[in-house]
Amino acid sequence: MEALWLDDETDRVIANLVVADAMRSLSPAHREILVETYLRDRTVNEVAELLGLPIGTAKSRVYYALRALRVALDDLGGTGETRH
């Protein structure tokens, strides 16, 4: 008898929960910039204007927010990688 493959959403749901938990650990400024650029699909230029930030500050904030998110995910075991 062949095993049946069930296409469930368990892995996706778990991944979403881990990312949501990691996002909550970020500073409000980092969380805000990632929500605007990645979840709301805005460009860094659009977000800089929306938030009243210089473009360089917005770019820097995205960079450091992504680094902080990676650390948070690593701490939660969400990326499968380890920190050095």
Side-chain angles (χ1 to χ4, degrees):
M1 179 175 193
E2 278 185 46
L4 296 177
W5 176 258
L6 298 176
D7 186 21
D8 67 19
E9 298 291 316
T10 305
D11 289 339
R12 185 185 60 79
V13 169
I14 291 170
N16 285 342
L17 290 171
V18 170
V19 170
D21 196 27
M23 287 287 287
R24 279 190 291 277
S25 74
L26 300 180
S27 71
H30 283 170
R31 190 170 39 251
E32 179 180 49
I33 200 89
L34 292 182
V35 166
E36 294 300 331
T37 54
Y38 285 91
L39 298 179
R40 294 195 176 138
D41 200 28
R42 292 185 168 128
T43 67
V44 176
N45 288 345
E46 290 171 333
V47 175
E49 185 175 327
L50 177 74
L51 300 178
L53 299 171
I55 187 64
T57 300
K59 287 179 180 181
S60 176
R61 194 169 290 175
V62 168
Y63 174 80
Y64 287 107
L66 287 172
R67 286 184 59 182
L69 181 61
R70 169 59 59 119
V71 168
L73 287 170
D74 286 351
D75 289 347
L76 293 170
T79 63
E81 298 177 10
T82 57
R83 282 192 308 173
H84 300 282

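Since we're looking at a predicted model, the values are computed, not measured. Numbers for residues simply follow the sequence, beginning at 1.
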* Asked: Is the shortest heavy-atom distance from the side chain of V44 to the side chain of K59 under 4.5 Å?
  -> yes
* To do: Could you check if a side-chain atom of D74 sits within less than 4.5 angstrom of a side-chain atom of R70, using non-hydrogen atoms only?
  => yes
* **E49 atom CD, neighbour heavy-atom count above 12 within 6.0 Å** => no
Would you give the length of the straight line joining atom [atom1] of [X] to atom [atom2] of [Y], rounded to the nearest 0.5 angstrom?
{"X": "I55", "Y": "T43", "atom1": "CD1", "atom2": "OG1", "result": "7.0 Å"}
{"X": "D21", "Y": "D75", "atom1": "CG", "atom2": "CG", "result": "11.0 Å"}
{"X": "L51", "Y": "R61", "atom1": "CG", "atom2": "CZ", "result": "7.5 Å"}
{"X": "L39", "Y": "R31", "atom1": "CG", "atom2": "CZ", "result": "12.0 Å"}
{"X": "L73", "Y": "M23", "atom1": "CG", "atom2": "CE", "result": "9.5 Å"}
{"X": "E36", "Y": "L50", "atom1": "CD", "atom2": "CG", "result": "5.5 Å"}

[X], [Y]: one ILVMFWY side-chain cluster at the under-4.5 Å cut-off?
{"X": "L76", "Y": "V19", "value": "yes"}
{"X": "V47", "Y": "Y38", "value": "yes"}
{"X": "V71", "Y": "Y64", "value": "no"}

* Structure fact -> Of all heavy-atom pairs linking L69 and L26, the shortest is N-CD2, 3.7 Å
* For A65 and I33, which heavy atoms make the closest approach, and how far apart are they? -> CB-CG2, 3.8 Å
